[in-house]
Amino acid sequence: MSTQDDSLTVKFSQLGNDVKDFVNEYNELLDGAAEYKGVHILFSNLIHQPKVLFVGINPGHGFFNHNNDTRVEKYEPIEKLEYVDSRYDYTLSEETKKMFEIADCMNVLQHSSVKTNCCFFSTNNEKELTDLLNKIMHNGRPNIYREVEAWTKRIIEMVEPEIIVCEGKSAFNKVASHIVEGKKTWFDGYGYYVASNGIHVIGYERSYSNILDKEKVAAKIKELITSTK
């Protein structure tokens, strides 16, 4: 393992411990919050300088459901990107694979991609996430929204991706406005794009888990991947 790999592992471990400390501190509140389904930091293995980093809003309830309605707290990377793992079969996974197939970039999806979220707390939907964060905010953590975004920013800084793909308009707005702090730009149809601090950030709109204008978004992804080779 290289020195860089060692450094990345240490930084991620520190982040995991910080998140774990937070969960332990607010354990009583989280235990009593019906919205909270657990915490999950990465949905992939940990790679330094991947071509793509996927960023969603927050983890859904999939692991909670598959774990017999038991909260799952995952602070370590998993074996490989969920989207290319045959054990996971859900709409956004299939939509993402289709989009990268259209872009002719499946190799990047399979071997040079990391996935995380704007917030690591798992809920059924974004409204429940807002409800949960508001409960925390009113129980001694007035800056909780900025705190969870700072965790994601730490992942971006330690991983150093070339391209960030935001999985939805809300995710793009949070990443562009608060995390990489770039100027939002519309590129075509239901897609968004901004470049900030050497990172290309692309986002798309969804109808539930269906990616809108996959072909146009795929074309932008292919353009960015090709231009950053």
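What you see below is based on every heavy atom in this structure, not just the backbone, and it leaves out hydrogens, waters and symmetry mates.
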Does the side-chain contact (heavy atoms from CB on, under 4.5 Å) test come out yes or no for V23 and F120, once each step is laid out? CA-CA 11 Å; V23 171; F120 306 146; over 6 Å; no
Between V19 and I136, is there a shared hydrophobic cluster once you connect ILVMFWY residues whose side-chain heavy atoms come closer than 4.5 Å? yes
Closest non-hydrogen atoms of G56 and A171, given as atom of the first, atom of the second and distance, are C-CB, 3.9 Å
V52 and E162: CA distance, side-chain angles, deciding distance, side-chain contact (heavy atoms from CB on, under 4.5 Å) verdict: CA-CA 6 Å; V52 172; E162 294 183 15; over 6 Å; no
Under the 3.5 angstrom rule, does the side chain of S44 hit a backbone N or O of L81 as a donor-acceptor pair? no
Please find the pair of heavy atoms, one from H40 and one from P59, that lie closest to each other, and give the distance. O-CG, 3.6 Å
For the pair E35 and K135, find out whether any cationic side-chain nitrogen is under 4.0 Å from an anionic carboxylate oxygen. yes
Check: T226 side chain, E223 main-chain N or O, donor-acceptor pair, under 3.5 Å: no
Would the number of heavy atoms belonging to other residues, nucleotides or ligands and lying under 6.0 Å from OH of Y75 be above 12? yes
Backbone N or O of A34 within a donor-acceptor pair of the K37 side chain at under 3.5 Å? yes
So Y36 and S122, do their side chains get closer than 4.5 Å, heavy atoms only? no
Could you grab the distance from atom NZ of K174 to atom OG of S177, nearest 0.5 Å is fine? 9.0 Å
Any link between I102 and I163 through a network of hydrophobic side chains (Ile, Leu, Val, Met, Phe, Trp, Tyr) touching at under 4.5 Å? no
With no hydrogens and no angle check, is any side-chain donor or acceptor of R206 less than 3.5 Å from a backbone partner on L212? no
Are the aromatic rings of Y192 and F172 close, with centres under 6.0 Å apart? yes
Can you find a heavy atom in the side chain of N45 that is under 4.5 Å from one in the side chain of I78? no
Compare all side-chain heavy atoms of P50 with those of V159 and state whether any distance is below 4.5 angstrom. yes
Working to the nearest 0.5 Å, report the span between CD of Q49 and CD of E160. 5.0 Å
Give a yes or no answer on whether the side chain of H111 reaches the backbone of S113 with a donor-acceptor pair at less than 3.5 Å. no
So, the side chain of T116 versus the backbone of V55: is there a donor-acceptor pair under 3.5 Å, distance only? no
For K220 and H200, run side-chain contact (heavy atoms from CB on, under 4.5 Å): C-alpha distance rounded to whole Å, both residues' side-chain angles, the deciding distance at 0.1 Å, then the answer. CA-CA 11 Å; K220 186 66 175 179; H200 300 275; over 6 Å; no
Determine whether T91 and Y208 satisfy the following criterion, side-chain contact (heavy atoms from CB on, under 4.5 Å), listing intermediate values before the conclusion. CA-CA 9 Å; T91 302; Y208 298 98; over 6 Å; no
Measure the shortest side-chain to side-chain distance between I144 and P142 over non-hydrogen atoms and say whether it is less than 4.5 angstrom. no
Looking at F121, is its backbone amide N or carbonyl O close enough to the side chain of N58 to form a donor-acceptor pair, meaning the two atoms are under 3.5 Å apart? yes
Straight-line distance of I57 CD1 to S170 OG, nearest 0.5 Å: 4.5 Å
Would W151 and M137 show up in the same hydrophobic cluster when neighbours are defined by side-chain heavy atoms closer than 4.5 Å? yes
How many angstroms lie between NZ in K11 and CG in L46, if you round to the nearest 0.5 Å? 11.0 Å
Ion pair check, K214 and E101, cut-off under 4.0 Å: no
Using only atom types and a distance under 3.5 Å, with no angle test, would you say the side chain of Y26 pairs donor to acceptor with the backbone of N139? yes
Between F100 and F54, does the ring centre distance come in under 6.0 Å? yes
On a heavy-atom basis, which atom in S112 and which in I47 lie closest, and how many Å separate them? CA-CD1, 4.4 Å
Is a donor on one side and an acceptor on the other found under 3.5 Å between the side chain of E95 and the backbone of I211? yes
Evaluate the side-chain proximity of Y193 to L224: yes if any heavy-atom separation is below 4.5 Å, no if none is. yes
Does K127 offer a backbone N or O that forms a donor-acceptor pair with the side chain of N125 under 3.5 Å? yes
Applying a strict under-4.5 Å side-chain criterion to I, L, V, M, F, W and Y, I'd like to know whether M106 and Y204 cluster together. yes
How long is the gap from NE2 on H48 to CG on D6, to the nearest 0.5 Å? 12.5 Å
Interatomic distance, OG1@T123 vs CG@L129, rounded to 0.5 Å, equals 5.0 Å
Taking only Lys NZ, Arg NE, NH1 and NH2, and the carboxylate oxygens of Asp or Glu, determine whether K97 and E94 approach each other closer than 4.0 Å. yes
Do I164 and P161 have side chains that approach each other closer than 4.5 Å (heavy atoms only, starting at C-beta)? yes
In terms of heavy-atom contacts, C119 and T152 come closest through N-OG1, 4.3 Å
Would you say M158 and L53 are hydrophobically clustered, going by side-chain heavy atoms of ILVMFWY under 4.5 Å? yes
Do K115 and E167 sit within salt-bridge range, that is, some charged N less than 4.0 Å from a carboxylate O? yes
Heavy-atom side-chain proximity of E25 to D21 below 4.5 angstrom: no
Side-chain heavy atoms of F22 within contact of V39, under 4.5 Å: no
